[in-house]
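To start, the structure itself, in structure tokens.
All figures in this text were calculated on a predicted structure; none of them were measured in a lab. Just so you know, ligand 1 is whichever comes first in the structure, and atom 1 is the first atom listed for that ligand.
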Amino acid sequence: MDDVIVRAAETDEELRQANDLMAKAHFSDYWEGAEWVGPQGMGYPGFRREHVRIALHRGQVAAALRLTTDTIRVGEARLKMAGFGCVTTDKAYRRRGLTSLVMDDAMHYLREHRFHAAMLFGIPDFYHRWGFATALAEYATVIHLRDASPETAPACRIRKIKPGDIPAVQRMHAANDEETACSLVRSAAHISNKWARWENARVLIDEKGRVTAYLRGRPDGTDYLVDEAGVAGYDACPALIRAAARLARAECAGRVKFLAPPSHPVIRHLLAFRADHAMRTDRNANGMLAVVDTGEALESLVPEWERLLAGGAGGDAEVTLVVDRRPWRVRALRGAVDVAAASGRNKIPLNARELAQLIAGYRHPEEVLHDRIPPSRGDGPVFLRTLFPKRVPFVWAADRF
Ligand SMILES: CC(C)(COP(=O)(O)OP(=O)(O)OC[C@H]1O[C@@H](n2cnc3c(N)ncnc32)[C@H](O)[C@@H]1OP(=O)(O)O)[C@@H](O)C(=O)NCCC(=O)NCCS
């Protein structure tokens, strides 16, 4: 297409047009969408106007997307991540390559700003072109109210959340999420920014007045859907289950459905109950991760790799990850790991999409690379398994973009 300019939104008018286009395409309630991309989105921690990327055709915004910038955890490692949201081309311009141009431009912007990874929740068979691979599963644990009565639940008061509870909620969330990979590292500002979506959450208060648990729920057909919960410790789980059942009963729901990963304490606690635990995986769709800058991403994993090696048998080891034909040597010497853009021993060819899945811990390394690691190759396979253990990657509904 001629006369197309692709870049960041610069003027107020470009931003207004881009926000309008995104709100109309992505929300059944336009005003909710306008708030999401407008005041709320622009007040999101770290937001900059240049995070809205647009294609302009003769002065009109014909395609747009917005980036949100966050930090994600992978064990001890912290990765600089950008989330793609509201990717849209105006109906009149679709299938003419505009979103492709805006995606190319956004990926270029992220590389320039040394992001490690990018994430999105996407339509099928579209985003693989930019290196995105499905790397996040969905989880649901369902318990019938008749099965949700813990025999011993400490007496707790339940009340609506207040802004003053944010630090306690944030602390519980961070502690509960330690074993969840790819989840966003939240600050209090992340919750305040989305307060409209939090203000109906509930907190549980023990007899000493401490906040010991929280949950965010709403009726959903015959279920009471809890898309986030947290506890100060395992001993708060029975009261939390009882509170969820009480709220469900008040809404005439027959079941409570928790949308939380199996690594979360509340879901672990539910293993002692009669419940249905479901995991939904996808292919080339939904929760996807891309490695933006391979060197930076591998470098950012070093603290986690050193922790993993400290817990293992130790010893020196080396592997060369040949990512899309470019070698990256990962070497452990006396427990210290270094990454270099160089060739070395134990070469394993893989592509960037496979690397994204391995970093997230979404798939087992032996399964992804089984046809590329001959079993007799010395320390390589063991080292590779240590570097990329199976994890539980998940992003909470409240954090999605
Ligand atoms: C999806 C959407 C952004 C595509 O925009 P577009 O400008 O038409 O996309 P492009 O013309 O750049 O298409 C790029 C490629 O994707 C393909 N494609 C386009 N729309 C697609 C879709 N909905 N699903 C799968 N593939 C699609 C094109 O055929 C093209 O393939 P090619 O490179 O092999 O020729 C646009 O249809 C849209 O705004 N839809 C409504 C909002 C939406 O669903 N956004 C995605 C949210 S995750």
To atom 1 (C) of ligand 1, the nearest of L98, T89, I123, N286 on a heavy-atom basis is I123
Classify the ring geometry of F401 against F121: parallel below 30°, tilted from 30° to 60°, perpendicular beyond 60°. tilted
Of all the atoms in ligand 1, which lie at a distance below 4.0 Å from a heavy atom belonging to S100? 10 (P), 12 (O), 13 (O), 14 (C)
For ligand 1, the portion of P124 having any non-hydrogen atom under 4.0 Å away: backbone
State the atoms of ligand 1, each with its element, that fall below the 4.0 Å cut-off from a heavy-atom position in G122. 48 (S)
Can you confirm, on distance only, whether ligand 1 has an N/O atom lying under 3.5 Å from any N/O atom belonging to A25? no
If we only count heavy atoms from C-beta on, is the V266 to V231 side-chain gap below 4.5 Å? yes
Determine whether the side chain, the backbone, both or neither of Y127 has a heavy atom under 4.0 Å from any heavy atom of ligand 1. side chain
Taking the side chain as C-beta and beyond, is there a heavy-atom pair between M103 and Y127 under 4.5 Å? yes
By the definition salt bridge (Lys or Arg N to Asp or Glu O under 4.0 Å), identify the one residue from R268, R391, R73 that meets it with E179. R268
Between V142 and V256, is there a side-chain heavy-atom distance shorter than 4.5 Å? no
Y109 six-ring face occupied by R53 cation (under 6.0 Å, within 45°): yes
What do you think, any protein heavy atom under 4.0 angstrom from atom 16 (O) of ligand 1? yes
Selected option - heavy-atom contact closest to atom 26 (N) of ligand 1, from F126, Y93, F84: F126
Ligand 1 to T88, heavy atom cutoff 4.0 Å, flagged ligand atoms 39 (O)
Using side-chain heavy atoms (C-beta onward) and a distance below 4.5 Å, is V395 in contact with M119? yes
Please write down residue, atom name and distance for the protein heavy atom closest to atom 45 (N) of ligand 1. V87 O, 2.8 Å
Any N or O of F121 that comes nearer than 3.5 Å to an N or O of ligand 1? no
With D165, which of R159, K160, Q170 fulfils side-chain hydrogen bond (donor to acceptor under 3.5 Å, both in side chains)? R159
I want to know if ligand 1 touches R96 in the polar sense, i.e. an N/O pair below 3.5 angstrom. yes
Min over V102, N284, T99, D125 of heavy-atom distance to atom 3 (C) of ligand 1 lands on T99
Measure up the H51 and F47 rings against each other and bin them: parallel (under 30°), tilted (30 to 60°), perpendicular (over 60°). perpendicular
Determine whether V203 and L215 make a side-chain contact, defined as any pair of heavy atoms from C-beta on separated by less than 4.5 Å. no
If you measure from atom 30 (C) of ligand 1 to every heavy atom of R95, R129, H26, R94, which option wins on shortest distance? R129
Protein heavy atom at shortest distance from atom 11 (O) of ligand 1: G97 N, 2.7 Å
